[in-house]
Amino acid sequence: MKRRQFLQNTIPAAILPSLVDGFSVKVLGDNPIMAALLNTYVDALPKLIDKKSGKIHTSLDQAWVSTGRLSSRNPNLQNIPIRDERGKEIRKAFIPSGGNHILLSADYSQIELRLMAHLSEDENMIDAFAHNADIHLSTAAKIFKLPENEVTPAMRSKAKTANFGIIYGISSFGLSQRLNISRTEAAALIQGYFSSFPGVKLYMENAVRKAKEKGFVETIMGRRRFLPDIHSANAIVRGVAERNAINAPLQGSAADIIKLAMVNLQKKLQDNYKSYLILQVHDELILNVDKDEIENIRNIVRSEMEHVMKLRVPLVVDIGVGNNWLEAH
DNA sequence: CGTGTCACG
DNA sequence: ACGTACGTGACACGT
């Protein structure tokens, strides 16, 4: 795909490019545990350490991703490994810069599902978040019609997969593949989901209808995604557009929210603190924090991120600190 | 230069 | 009957 530009952004984000001041990196050298595949990181990253700063600097594109997210390249610092045990060694190599500093990571908890609760106004989902419930557990209890203490880990896991699927615009076939169950079972699961969260079903139907009537869907701050394929005679092409209509307002509103929080946070920090933002990874902010400022910065970051917008459900941020990026997470 | 496979949210 | 979850970037490999 050719690189294109999407210029309908409405976020006052001109300040963002100056926020990224780069990571310091501890060179891994010939650490033997890396698999050949992780060449992308082990071989490539040390070569990209800037001679002057001693840091790795990425480029963030604000006008590329169709939903309004940022994208990161040369190198991509938004896909540094974390799940694989060996991959974690790579994440450990990202360390704070300057003496007396520490990395702080602050990430939004379940922001896209919270936005589904907000945008759909589904009472049951709003209620779950209002009570700070374990959302996958409470989803499982509802769709399997059991009290929470009778939900098995397998049921919770299915509900978790269903929750992800809902955000992406689920199909019974897709869900059955991921859960390794029959299509009939998957369809029953989805039906259980919709009867538990009727507002979510309405949200999905409305999103598709709006795309058909107006030609676009929009985020909480008004960024539009145009979906001409919604009228395609080809059912496959049309299906993609329909799922885009469902997903884009969720993913895009999350992007709006964190970008606005970044701008507000930067205004609070600049000229007042030694700590500063170094990266954003979609629902997470990473800061290089002066140790003397840790408690202040924690409070400011949490406050700016959680109170950036008032939604029908609370926004919750998890914060960690550490001597490397893995430890901070 | 396209395809497949990996990494992340 | 169709094919099947959203958004990205980097690398290896075949053409």
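Proteins come first, then strands; the chains are lettered A, B, ... in the order of their sequence lines, and each starts at number 1.
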Chemist: Just wondering, do A:Asn79 and A:Thr40 contact through their side chains at under 4.5 Å, heavy atoms?
Modeler: no
Chemist: Can you check the distance between C:dG3 and B:dG4, where both ends of the measurement are the P atom (answer in whole Å)?
Modeler: 15 Å
Chemist: Taking ILVMFWY side chains as joined if any heavy atoms are under 4.5 angstrom apart, and letting links pass through other members, which residues group with A:Ile82?
Modeler: A:Leu326
Chemist: Find the distance A:Gln110:CD to B:dG9:P and express it as a whole number of Å.
Modeler: 13 Å
Chemist: Whole angstrom is fine here: how far is it from CG in A:Leu279 over to P in B:dC8?
Modeler: 15 Å
Chemist: Verify the contact: side-chain N or O of A:Trp64 to OP1 or OP2 of C:dG9, cut-off strictly under 4.0 Å; return yes or no.
Modeler: yes
Chemist: Are any of the side-chain nitrogens in A:Glu293 or A:Lys274 under 4.0 Å away from the carboxylate oxygens of its partner?
Modeler: no
Chemist: When you compare the side chain of A:Phe94 with that of A:Leu45, does any pair of heavy atoms fall below 4.5 Å?
Modeler: yes
Chemist: What's the closest nucleotide to the side chain of A:Pro81 if the choices are B:dG9, B:dA7, C:dT8?
Modeler: B:dA7
Chemist: From CZ of A:Phe94 over to P of B:dC8, roughly how many Å is that when rounded to an integer?
Modeler: 13 Å
Chemist: Are A:Leu103 and A:Ile278 close enough that some pair of their side-chain heavy atoms sits under 4.5 Å apart?
Modeler: yes
Chemist: Between the protein and nucleotides 3-6 of chain C, are there any N/O to N/O pairs under 3.5 Å, and if so, what are the atom names and distances?
Modeler:
{"from": "C:dT4", "atom 1": "O2", "to": "A:Ser171", "atom 2": "OG", "distance (Å)": "3.3"}
{"from": "C:dT4", "atom 1": "O4", "to": "A:Arg183", "atom 2": "NH1", "distance (Å)": "3.0"}
{"from": "C:dA5", "atom 1": "O3'", "to": "A:Arg243", "atom 2": "NE", "distance (Å)": "2.9"}
{"from": "C:dA5", "atom 1": "N7", "to": "A:Arg178", "atom 2": "NE", "distance (Å)": "2.4"}
{"from": "C:dA5", "atom 1": "N1", "to": "A:Thr161", "atom 2": "O", "distance (Å)": "3.2"}
{"from": "C:dA5", "atom 1": "N1", "to": "A:Gly165", "atom 2": "N", "distance (Å)": "2.9"}
{"from": "C:dC6", "atom 1": "OP1", "to": "A:Arg243", "atom 2": "NE", "distance (Å)": "2.8"}
{"from": "C:dC6", "atom 1": "OP1", "to": "A:Arg243", "atom 2": "NH2", "distance (Å)": "3.1"}
{"from": "C:dC6", "atom 1": "O3'", "to": "A:Asn244", "atom 2": "ND2", "distance (Å)": "2.9"}
{"from": "C:dC6", "atom 1": "O2", "to": "A:Gln251", "atom 2": "NE2", "distance (Å)": "3.2"}

Chemist: Please state how far atom CZ in A:Arg238 lies from atom P in C:dA1, giving the value in whole angstrom units.
Modeler: 17 Å
Chemist: Which part of the nucleic acid, if any, lies within contact of A:Leu250, taking any heavy atom under 4.0 Å across all strands shown: a base, the sugar-phosphate backbone alone, or nothing?
Modeler: nothing
Chemist: Name the stems with DNA chain C in them: runs of three or more consecutive Watson-Crick or G-U pairs, distances under 3.5 Å?
Modeler: B:1-9 with C:6-14
Chemist: Apply ring pair (Phe, Tyr, Trp, His ring centres under 6.0 Å) to A:Phe216 and list each qualifying residue two or more places apart in sequence or on a separate chain.
Modeler: A:Phe226
Chemist: Starting from P on B:dG9, measure out to CD on A:Gln78 and report it in whole angstrom.
Modeler: 10 Å
Chemist: Is the shortest side-chain N/O distance from A:Arg83 to OP1 or OP2 of B:dA7 below 4.0 Å?
Modeler: no
Chemist: For A:Ser232, is there any backbone N or O sitting under 3.5 Å from a side-chain donor or acceptor partner on A:Arg238?
Modeler: yes
Chemist: Output yes when A:Glu89 and A:Arg86 qualify as a salt bridge under the 4.0 Å nitrogen-oxygen rule, no when they do not.
Modeler: no
Chemist: Between A:Arg209 and A:Asn206, does any side-chain donor sit less than 3.5 Å from a side-chain acceptor?
Modeler: yes
Chemist: Taking side-chain hydrogen bond (donor to acceptor under 3.5 Å, both in side chains) as the cut-off, I'd like each qualifying pair that reaches into residues 147-158 of chain A, sequence neighbours left out, listed once.
Modeler: A:Asp134-A:Arg156
Chemist: For A:Arg86 and B:dC6, what is the distance between atoms CZ and C1' respectively, to the nearest whole Å?
Modeler: 12 Å
Chemist: Between A:Arg69 and A:Glu112, is there a salt bridge with N-O shorter than 4.0 Å?
Modeler: yes
Chemist: Is it true that a side-chain atom of A:His282 and a backbone atom of A:Ala255 form a donor plus acceptor pair closer than 3.5 Å?
Modeler: no
Chemist: Any N/O pairs under 3.5 Å between the protein and nucleotides 10-12 of chain C? List them or say none.
Modeler:
{"from": "C:dA10", "atom 1": "OP1", "to": "A:Asn74", "atom 2": "N", "distance (Å)": "2.9"}

Chemist: Grab the CD-P distance between A:Gln280 and C:dT8 for me, whole Å please.
Modeler: 14 Å
Chemist: I'd like the C1' distance from B:dG2 over to C:dA5, given in whole Å.
Modeler: 24 Å
Chemist: What is the distance, rounded to the nearest whole Å, between atom CD of A:Gln62 and atom P of C:dT8?
Modeler: 15 Å
